[in-house]
Protein chains: 6
Amino acid sequence: MTNAHGPRHVVVTSIERAPLDVVDQLAPIGTATVHEAIGRRGYLGAHLTPIQQGTKVAGNAVTVLSHPGDNGMIHAAVEQCREGDILVVANTAPSTHGMFGDLLATSLMTRGVRGLVIDAGVRDTFDLREMGFPVWSAHVGIQGTVKNTPGSVNVTIRIGDQVVNPGDVICADDDGVMVVARSESAWALDQSNARLAKEESTRAKLAAGELGLDFYGLRDKLTEMGVEWVEGLPDIPDHA
Amino acid sequence: MTNAHGPRHVVVTSIERAPLDVVDQLAPIGTATVHEAIGRRGYLGAHLTPIQQGTKVAGNAVTVLSHPGDNGMIHAAVEQCREGDILVVANTAPSTHGMFGDLLATSLMTRGVRGLVIDAGVRDTFDLREMGFPVWSAHVGIQGTVKNTPGSVNVTIRIGDQVVNPGDVICADDDGVMVVARSESAWALDQSNARLAKEESTRAKLAAGELGLDFYGLRDKLTEMGVEWVEGLPDIPDHA
Amino acid sequence: MTNAHGPRHVVVTSIERAPLDVVDQLAPIGTATVHEAIGRRGYLGAHLTPIQQGTKVAGNAVTVLSHPGDNGMIHAAVEQCREGDILVVANTAPSTHGMFGDLLATSLMTRGVRGLVIDAGVRDTFDLREMGFPVWSAHVGIQGTVKNTPGSVNVTIRIGDQVVNPGDVICADDDGVMVVARSESAWALDQSNARLAKEESTRAKLAAGELGLDFYGLRDKLTEMGVEWVEGLPDIPDHA
Amino acid sequence: MTNAHGPRHVVVTSIERAPLDVVDQLAPIGTATVHEAIGRRGYLGAHLTPIQQGTKVAGNAVTVLSHPGDNGMIHAAVEQCREGDILVVANTAPSTHGMFGDLLATSLMTRGVRGLVIDAGVRDTFDLREMGFPVWSAHVGIQGTVKNTPGSVNVTIRIGDQVVNPGDVICADDDGVMVVARSESAWALDQSNARLAKEESTRAKLAAGELGLDFYGLRDKLTEMGVEWVEGLPDIPDHA
Amino acid sequence: MTNAHGPRHVVVTSIERAPLDVVDQLAPIGTATVHEAIGRRGYLGAHLTPIQQGTKVAGNAVTVLSHPGDNGMIHAAVEQCREGDILVVANTAPSTHGMFGDLLATSLMTRGVRGLVIDAGVRDTFDLREMGFPVWSAHVGIQGTVKNTPGSVNVTIRIGDQVVNPGDVICADDDGVMVVARSESAWALDQSNARLAKEESTRAKLAAGELGLDFYGLRDKLTEMGVEWVEGLPDIPDHA
Amino acid sequence: MTNAHGPRHVVVTSIERAPLDVVDQLAPIGTATVHEAIGRRGYLGAHLTPIQQGTKVAGNAVTVLSHPGDNGMIHAAVEQCREGDILVVANTAPSTHGMFGDLLATSLMTRGVRGLVIDAGVRDTFDLREMGFPVWSAHVGIQGTVKNTPGSVNVTIRIGDQVVNPGDVICADDDGVMVVARSESAWALDQSNARLAKEESTRAKLAAGELGLDFYGLRDKLTEMGVEWVEGLPDIPDHA
């Protein structure tokens, strides 16, 4: 969005969200299973890591697009948050700043926000863990920020190779963060439950000693592709 | 420093330190708060991470400048350390070597040293955690070192974008490491205590539901900068 | 290995392994000590980090060479694993995919496999920790994989700057991963035990306040190399 | 897109493109100017660099989504290309493979394709320069690829923090690569021409010695923000 | 190799080399083609880049294993070099030092050495280009080195994911560096010539407008794997 | 520097510079030689690379400390520049923005500025090369900037592991960038000329076939350190 003077900056105050009962059922399933269930899509990338261990959450995205090292728009975003949301912050260029800390977390927790995903740095990590406010970030660092440059809240943002729209569902756990489009949330839950059931059955087979090589039909497929089972490295020439 | 044959190497045996009662009061405040309090300065960078969780320390810097992969000068530095110090090691070029382990930590602990900051690798991390010796390092790795190349102890070093002088105060916690100039330590403590009080008051307001958007005066400032609050994305042309 | 149509792909079904009683004695010694004991060799690099803390293992390597993002050959490798093995996975080019998760771990645990080393990503890390299946990986991430491209099992692979042959001993702990050649395993155990004893004696000296500077003979050596002990920075010219 | 068995893979054979007369006028303007003109949007990131120097191109995007290290879908994309296109290749996960070389370039040049943008590696760079086929890539490297895993052609892809739709306009030069949405192309050309004119006028003023500090009104703005002009560092306390 | 006091260090003075007439014929073929011809093996990785453009060389490897930032062993290696060699330098841990410059190049050129491959930094790049001495390095940088720590010449080294033995053939061009085992050199030449011929024929077909999609049989293969050719994105549900 | 409201921001209008006749003599010597001559100090790091080839410059530093992605202070710095200066820009945190382009270069060239060193991105690289304005930067990229956040001009800044003070001498060439303290400039020139002479003599010896191994006395030193010259790998046990 632009106007005569540069990019246009908006805070969108009314967004549609996915139903919380769907969101709540997605949370315990885990990112890897949901990602597989919807066709191996939605993963925000290995650069976002949790500051805590053992937490699984899901929530509706309130999105922020900021200037690097400027957290004014995160403050503007707080007002747009409600019970069941996850705040998702992108920047117009990479940032290692500590753009978020325990004060902003205090503010978000009063509104029922479930966590933060930020493609930048976070600080006060000890306090955030003590408060039980989960965070996934690209960096941990204390470099301070300013509040000088406009940005937007609740517009489409991109993190890693993914698009996040306001109201999309964010799932996050020890493995990282993924996004499910709002319009896909109910379908994604069905697919994920179906996959969970299938994984359960596969796990039982594997625990009983059955091989994936067999029940995925891989033995034949690999043979067709030229894989040979040999007892030792055969007597092949020096250049083999 | 150079002489006719190359850089000059010294072990400076008498340095001034910040008073331990000031240092001790800085420790629990936390790096993010001290960093803000002294004007957003002193942060050594996001590449230094702790090998343990939940530790906050402060101490006087004994500095080492080493050749990469050569820890002879760290041994030379032990003798210069005393109660309340933190050893801070830089290299003349990047190093991933495991330049420090549990034996050196044993030596330092007998002298009351409070921790290690090293812009290289560290090893024996399990043992270091068991011993309760805190470390912040650029890498964890076991690649062994030699003791062949001279360096210096208690000279000015640089880590990340910061200068560390011997006797400066090092503060370190789960968020990383920062330096306070020795001559600023008392002032930094005052500033930090003032900021702590302010943060406490802000936290109370935020916990009561007040918005940073309001009490920082951001609503007007953002509006002046062109941020618009809109109900939905307005009917803007396709190219918006 | 190549044939007329491209690289040759094999699953080698009979490999020699190091004796488990030797392997079992190497495990508790720790990677840093074994690495030093065998002449500072065998370290697979700082890019492989554990997903758990406090675990020390050793095992015989079953090796996999895969196409990035394709875990078909990991399934083929399961059948080749037995009690006391560690699965070691390399790719023909870098991969951040989540090539391994809790289902494959279930399969490996039924066969007595002691852990996974993978130069790629891993997922289901929460579950893997719960199951007590240790993993060292280059990434944590959920991006899903396919089963379309042939590779090999139990051939020579390279990770970091090291060669891993099937049947070599893998040692892994909080500091990372190292390899001991199968033919060297007994010798490596002797060397490691000797070094352990020496470290124990050194630790006692250091704990008693003796300085490495003295008992390593470093004070003289550093002096010869031009290091000077000075009380303060001497009166050197401005350009020193 | 998914079906019962995983992600759905399509080659879309009819896409709308931006008019070539618009595209051709965008080419010489340069990526920095177009990026500014449309509101500082569309930049694909500093990780994509040209293998040649001094080339400015623009073209309509034909998009490819591939499995890492598998270039079968690039072959499928050739047939969809026509005069004035630029091939834009993304992967489902990072890849350093040499996924493209002089043979594919030969094929594309017969169809009037103007260049390649690939978020992976490229090889035969000497030959590509000789042939005059411009390439922007994330890596240069020779690691060979396979043709085993399905993907898609002419679907929405993401590179860096940008979305590229088939038929969008790609602009690329020595500074990197940017995308202009197809629906915005005519407007972007207008905006870019307006900015060019403004830049020309600014350049004349600056060449005449006028200061940006003055004609951007920055002197007052910086003063308001607290910047002070001082003759030397004023006599500020030690802790300044 | 170790002895009682640590790793054993040797300069091996007699190594076998590949015949120069074979080496000379490999040079102009180019790294990508040789890499494919021998089964997609031997590539040293995208981190090694040339400091010049348009140079293709091949030579016999004289290998060096150094301590980071210490170039004493490179001086020791010069004496072991002869007409047709390429010096290949690895370190025991990563190094960004400028370990090689125009003086060492002068020395090597008097002995007919054809170039340098170094997994560290290089300096005097302007002079090296002027002198016509080709270099492939991991870094360009001036940080100076010492001559204090022993290493080895003409032992097995590893760079990237490859093993380089003394006397192996190194091929290098604008795309990077690869290694051909000495024992494979004649076979590799045959394979490469065969591949060159095949590439020539493929190039002719592609230049005539034939599609790889057809003559590689990919159209059927992709269809079998589920790829669909569609006119536009079909009317699939929102969650597709 | 701080005041009650945060860091203090100043534009220092009168700085001392090194004499231009000294600066001008340092330029052609080259960064590697000057770096060695002053004791292997002053190198700003391998992350700063030139956008052009074959240029050697030296000049007096005018320094800028900016907020990432905000180039207002660069405009403020122009006015402080004069004949013989080099502009050196650091940020309070990492930045990949294109903070500098051809318009600012136009402005600087009217004042006789000799080049730019920027620890961030640069754009319009084609035009900058055409204009003959040399640049060393951490990135090339077009991401646009704002002019909203105060910073400082002619204060002490840090780049890589170096401190740059206003008026220090910057030397830059194809190998990168280094700094010489203003107070050391005349001494550095003497040292550099002495080293140049020595290098010339060494070059003559090496070109005549003499070995560094001999005239640096390395043969004996390496032997003492345990390096053995052996004809082939001796008959050492398997574990050697």
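Everything numeric here is computed off the predicted structure, so don't read it as measured data. Per chain, numbering begins at 1; letters A, B, ... match sequence-line order.
Using a 30° and 60° split on the angle between ring planes, D:H35 and D:Y43 fall in the perpendicular class, above 60°.
Between D:R219 and F:E79 there is a salt bridge, since a side-chain N of the basic residue sits under 4.0 Å from a carboxylate O of the acidic one. A salt bridge does not link D:K205 to D:D214: none of the charged nitrogens lies less than 4.0 Å from a carboxylate oxygen. With salt bridges taken as basic N to acidic carboxylate O contacts below 4.0 Å, none links F:R111 and F:D85.
Per-residue counts of heavy-atom pairs under 4.5 Å with chain D were compared for F:V153, F:L104, F:V140, F:V122; the largest is that of F:V140. Chain D forms the most heavy-atom pairs under 4.5 Å with one residue out of F:L108, F:D124, F:T149, F:D127, and that residue is F:D124. Among the candidates D:T49, D:T31, D:D175, the residue making the largest number of heavy-atom pairs closer than 4.5 Å to chain F is D:D175.
Heavy atoms closer than 4.5 Å to chain D are found nowhere in F:T96, neither backbone nor side chain. For F:Q80, the part lying under 4.5 angstrom from a heavy atom of chain D is the side chain only. Only the side chain of F:M73 comes within contact range of chain D, with heavy atoms under 4.5 Å apart. Contacts between D:E210 and chain F at a heavy-atom distance below 4.5 Å involve the backbone alone (N, CA, C, O). Of the atoms belonging to F:T13, heavy atoms from both backbone and side chain fall under 4.5 Å from chain D. With a 4.5 angstrom heavy-atom cutoff, F:N148 touches chain D via backbone and side-chain atoms both.
A 4.5 Å side-chain heavy-atom check between F:M131 and F:F126 finds every atom pair outside the cut-off. Under the 4.5 Å side-chain criterion, counting only non-hydrogen atoms from C-beta, F:V177 is in contact with F:I170.
At least one donor-acceptor pair closer than 3.5 Å links the side chain of D:N154 to the backbone N or O of D:T63.
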